[in-house]
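What follows is a set of notes on a single structure, which appears directly below.
Counting starts at 1 for both ligands and their atoms, in listed order. Computed over heavy atoms, backbone and side chain alike; hydrogens, waters and symmetry mates excluded.
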Amino acid sequence: MRQAGRYLPEYRELRKEAGGFLEMVYNPERASEITLQPIRRYQMNGAILFSDILVIPQALGQKLWFEAGEGPKLGELNVDQLHLETIDETLSPIYETVAQVRHKLKTENFDQTALIGFCGGPWTVACYMVEGGGSKDFSKVKSFAACDPDGFSDLIDLVTEASIHYLSEQIEAGCEAVQIFESWAGLLDEEMFEKFVLQPTSKMVDALKNKHPDIPVIGFPRAAGYLIQNYADQTGIDCIGLDFTVPLETAKTLQKSGLCVQGNLDPARLLAGGEALESQARIILEALSGGPFVFNLGHGVIKETLPEHMEQLANLIKSYTS
Ligand code: 1CP
């Protein structure tokens, strides 16, 4: 859950050296170093590959760049000109990163640390493709999906196919689990959620399970509200990532149905540190560690977070687990 990034001084240092975000993502030496940075400091049980969900639009042929302090920007979208066949020309350095991370984990004695690959959910990736970047209300993509559901489905299908291939290659290069980040799942009504989140996600899970039956698939339908139950029941995922708004009672119900749950500490608690962090982390551990459970944040680390607070949290979880 964005465990690397700007809260770490060694990340900021490497970013300065690299000159830009994409210069890190597509450079296997740098990207593997960044993946390892939080593991070396805190010995988490899982490492998340350092990359971004927006490499898929770029691989399909849409321009992508990052403006300093402004986040991602994407060029004009022309669905007819996107191409699936050549995506590996862009993505192959990321597979090389996966291989290098596995190698470094082994040589640095982190054999027990699982490597998690990821991509964005097709809906979330399409959101950025249509809006040309982040957005306050994503009204452009929602109106596209509502006015031209067939045209929008073509885009979703293309992203779905690309994402299946991309995750499959990550697994073949050495990822031991994969996560689908559906960060904007919370924007949709029930009908659109079914069409643009549930259906493409099930298609992805089916295809991945066909090829790699033993690799767990984690789904993270952020802010899906009551629709989280449909996501859990209908997509075939093995584990559900919970954002910090999901009540622990809901988490327990999901767990009782046999699903592994992952989450869901509010990153603001990590920013705060001290008692505000410790008390809520303990509540989560006590509520969920009786069943299949992966402790995680309920969203990415906030960039102003002090590294000492991550250390406090990692120590608490390790002492609780042991
Ligand atoms: O140095 C920087 O300025 C870049 C900040 C940054 C980082 C560290 C971005 C830009 N992406 C990442 C890496 C990243 N992104 C990881 C790797 C794991 C790790 O860092 O430990 C992962 C899993 C992501 C996933 C991601 N990217 C999501 C899904 C999760 C979420 O946060 O909801 C999304 C929506 C993105 C798009 C994106 N990339 C970067 C930014 C700032 C954004 C959000 C843009 C926006 O909506 O405004």
How about [X] and [Y]: does a side-chain donor come under 3.5 Å of a side-chain acceptor?
X: Glu182; Y: Trp184; result: no
X: Gln100; Y: Glu96; result: yes
X: Gln81; Y: Gln62; result: no
X: Thr86; Y: His83; result: yes

Does [X] come within less than 4.0 angstrom of ligand 1, counting non-hydrogen atoms of the residue?
X: Pro72; answer: yes
X: Tyr11; answer: yes
X: Leu49; answer: yes

Please state which part of [X] comes within less than 4.0 Å of ligand 1, counting heavy atoms only: side chain, backbone, both or neither.
X: Ile34; value: neither
X: Phe220; value: neither
X: Arg6; value: side chain

Nearest non-hydrogen protein atom, [atom]:
atom: atom 25 (C) of ligand 1; result: Ile53 CG2, 3.8 Å
atom: atom 48 (O) of ligand 1; result: Gly134 CA, 3.8 Å
atom: atom 46 (C) of ligand 1; result: Tyr128 OH, 3.4 Å
atom: atom 24 (C) of ligand 1; result: Arg2 NE, 3.6 Å
atom: atom 12 (C) of ligand 1; result: Phe21 CZ, 3.5 Å
atom: atom 22 (C) of ligand 1; result: Phe118 CZ, 3.5 Å

Which atoms of ligand 1 are found less than 4.0 Å from any heavy atom of [X]?
X: Ser183; answer: 29 (C), 30 (C), 31 (C), 33 (O), 35 (C)
X: Ser51; answer: 13 (C), 14 (C), 15 (N), 16 (C), 17 (C)
X: Ile48; answer: 18 (C), 21 (O)
X: Arg15; answer: 1 (O), 2 (C), 3 (O)
X: Phe66; answer: 10 (C), 40 (C)
X: Gln3; answer: 19 (C), 21 (O)

Derivation and outcome, side chain to side chain contact (heavy atoms under 4.5 Å, CB included), residues His299 and Arg222: CA-CA 8 Å; His299 204 192; Arg222 186 167 75 91; 3.6 Å; yes

Check: Tyr226 ring centroid to Phe193 ring centroid under 6.0 Å: no

From CA spacing to verdict: side chain to side chain contact (heavy atoms under 4.5 Å, CB included), Phe220, Phe118: CA-CA 11 Å; Phe220 176 60; Phe118 74 95; over 6 Å; no

Would you check the N or O atoms of [X], main chain and side chain alike, for any that come under 3.5 Å of an N or O of ligand 1?
X: Asp52; value: yes
X: Ala4; value: yes
X: His299; value: yes

Tyr166 and Tyr95 aromatic ring geometry - parallel, tilted or perpendicular at 30°/60° bounds: tilted

Parallel, tilted or perpendicular: rings of Phe21 and Phe66 (30°, 60°): tilted

Separation of Glu190 CD from Lys195 NZ (nearest 0.5 Å): 15.0 Å

Glu278 vs Arg269, salt bridge (Lys or Arg N to Asp or Glu O under 4.0 Å): CA-CA, chis, key distance, verdict: CA-CA 8 Å; Glu278 171 143 358; Arg269 298 251 177 197; over 6 Å; no

Salt-bridge present (Glu161, Lys203; N to O < 4.0 Å): yes

Carboxylate-amine/guanidinium contact Glu10 Arg40, below 4.0 Å: no

